[in-house]
Number of protein chains: 2
Amino acid sequence: MPASTLRYYEEKELIASNGRRGLRRTFDPGVFERLGLIALGRAAGFTLDEIGAMMSASGPQIDRKRLSEKARELNEKIRQLTVMRDGLRHAAACRAPSHMECPSFRRILRAATTGRIAAPPSAAPGRPG
Amino acid sequence: MPASTLRYYEEKELIASNGRRGLRRTFDPGVFERLGLIALGRAAGFTLDEIGAMMSASGPQIDRKRLSEKARELNEKIRQLTVMRDGLRHAAACRAPSHMECPSFRRILRAATTGRIAAPPSAAPGRPG
DNA sequence: CTGCCACTTCAAGCCGACTTGAGGTCAAGC
DNA sequence: GCTTGACCTCAAGTCGGCTTGAAGTGGCAG
């Protein structure tokens, strides 16, 4: 993990350094746990701001409501991705002369067109070359 | 669909207008199919560039190899998201006094920390306020 | 014929999560 | 003691997919 990431997180107030050794930040060990939670939250699809809100507003612990809310969101996303995956598999295997002549392909195409399947943000932004 | 989107797609050479009526672009009906394919591709997680490559390089039809490749990627993503979803559900339901004391939570936390679960790009970029 | 407003061009902005570049500092290793 | 290079600050850049702003044009309803 590059130092720039730590700086970024510190700026966002997700973590805090406990002082300096010369110029350099020092952190106490508890920051590892927080970094873990941040990674976890990111993997769950929370934004850094959401994560920050949940970690600072954590009364006794992390807000269970938000967790199950996010679980529901993930479930929906999984459903959509599953539709897509199966559609792609079929399209790859289908021997219709043109994809357009495959009813299955046209069905999934319509699903995408009517917005019943949403586009994900994009491939993998935030990770330049 | 705003005209700006069509312009953007045209600039990316994903669609082509067949002329102008005065200043305004006109498109022939086939563009609807292409727009559908674009929406589909986006929903599947292809970037616009990938979609463009696939549509223009389409020999007889859309490259089946790429399709099953993407299906595999989606499958992996689904797997990760499923782990996350179940973890969140558990964490939301778990009655351990602190999440840190829940073995299940710690397990998923470790999964995120070690990178066995990757962070998605982010919530929903590209869609300003 | 007139007025409106959806279109046009071109450049710049936005979101999120970082990275990178320029210019500088200093703790650690030899 | 001297070098080294990983850190520091701050601003700006990156990536994808559009949108938005300013300034202008012209098809179509009335």
Side-chain angles (χ1 to χ4, degrees), chain A residues 1-28 31 34-55 70 73 77 112-113 115 117-129, chain B residues 1-28 31 34-55 70 73 77 112-113 115 117-129:
Chain A
M1 159 152 315
S4 62
T5 303
L6 294 179
R7 247 175 289 131
Y8 182 67
Y9 286 173
E10 194 188 358
E11 195 180 342
K12 284 245 165 188
E13 303 193 314
L14 294 175
I15 60 175
S17 70
N18 61 1
R20 300 285 181 117
R21 180 189 298 262
L23 258 190
R24 304 179 185 189
R25 285 166 187 70
T26 57
F27 297 95
D28 47 43
V31 87
R34 280 180 90 82
L35 287 175
L37 288 173
I38 293 170
L40 180 57
R42 295 264 309 113
F46 289 100
T47 65
L48 290 183
D49 284 350
E50 286 175 321
I51 295 168
M54 282 178 46
M55 291 202 311
K70 210 68 177 187
E73 284 178 33
K77 194 165 205 163
T113 309
I117 302 181
S122 99
R127 289 147 186 60
Chain B
M1 160 152 312
S4 62
T5 303
L6 295 179
R7 246 176 290 132
Y8 181 67
Y9 285 172
E10 195 187 358
E11 195 180 341
K12 283 244 164 186
E13 302 192 316
L14 294 174
I15 60 176
S17 70
N18 61 2
R20 298 287 181 115
R21 181 189 297 261
L23 258 189
R24 305 177 185 192
R25 283 165 188 73
T26 57
F27 297 95
D28 49 43
V31 87
R34 280 178 92 81
L35 287 175
L37 287 173
I38 293 170
L40 180 57
R42 296 264 306 112
F46 290 101
T47 67
L48 290 182
D49 285 349
E50 285 174 321
I51 294 168
M54 282 179 46
M55 293 201 311
K70 209 67 179 188
E73 284 179 32
K77 194 165 207 165
T113 309
I117 301 181
S122 97
R127 289 145 187 61

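One can place CE of A:Met1 at 17 Å from C1' of D:dA6, the figure rounded to the nearest angstrom. When the C1' atom of D:dT14 is taken as reference, atom CG of B:Asp49 falls 15 Å away, rounded to whole Å.
Side-chain N/O atoms of B:Thr47 include none lying less than 4.0 angstrom from OP1 or OP2 on D:dG16.
Annotation: the terminal axes of the helix from C:dC1-D:dG30 to C:dC30-D:dG1 meet at 10°, where each axis is the rotation carrying the C1' atoms of four end pairs onto the next four (5 pairs per end, rounded to 10°).
Minimum heavy-atom separation, A:Gly45 to A:Glu50: O-OE1, 4.1 Å. Considering every non-hydrogen atom in both A:Ile51 and A:Arg42, the closest pair reads CD1-N, 3.6 Å.
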Test log, rule side chain to side chain contact (heavy atoms under 4.5 Å, CB included), inputs A:Phe46 and A:Leu40
CA-CA 9 Å; A:Phe46 289 100; A:Leu40 180 57; over 6 Å; no

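We find the CE-CD1 distance between A:Met55 and A:Ile38 to be 4.5 Å, quoted to the nearest 0.5 Å. Atom CG of B:Leu48 is separated from atom CD of B:Glu11 by 11.5 Å, given to the nearest 0.5 angstrom.
Under the side chain to side chain donor-acceptor pair (under 3.5 Å) criterion, B:Thr5 pairs with no residue, sequence neighbours left out.
Contacts between residues 5-26 of chain A and DNA chain D, counted as heavy-atom distances below 4.0 Å, involve A:Arg7, A:Arg20, A:Leu23, A:Arg24, A:Arg25.
Side-chain contact between A:Leu14 and A:Tyr8 is absent, with no heavy-atom pair separated by less than 4.5 Å.
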Enumerate, atom names and distances included, each donor-acceptor pair closer than 3.5 Å involving a side-chain atom of residues 16-25 of chain B, sequence neighbours excluded.
{"unit_1": "B:Ser17", "atom_1": "OG", "unit_2": "B:Glu10", "atom_2": "OE2", "d": "3.2"}
{"unit_1": "B:Asn18", "atom_1": "OD1", "unit_2": "B:Thr26", "atom_2": "OG1", "d": "2.6"}
{"unit_1": "B:Arg20", "atom_1": "NH1", "unit_2": "B:Leu23", "atom_2": "O", "d": "2.5"}
{"unit_1": "B:Arg25", "atom_1": "NE", "unit_2": "B:Glu10", "atom_2": "OE1", "d": "2.4"}

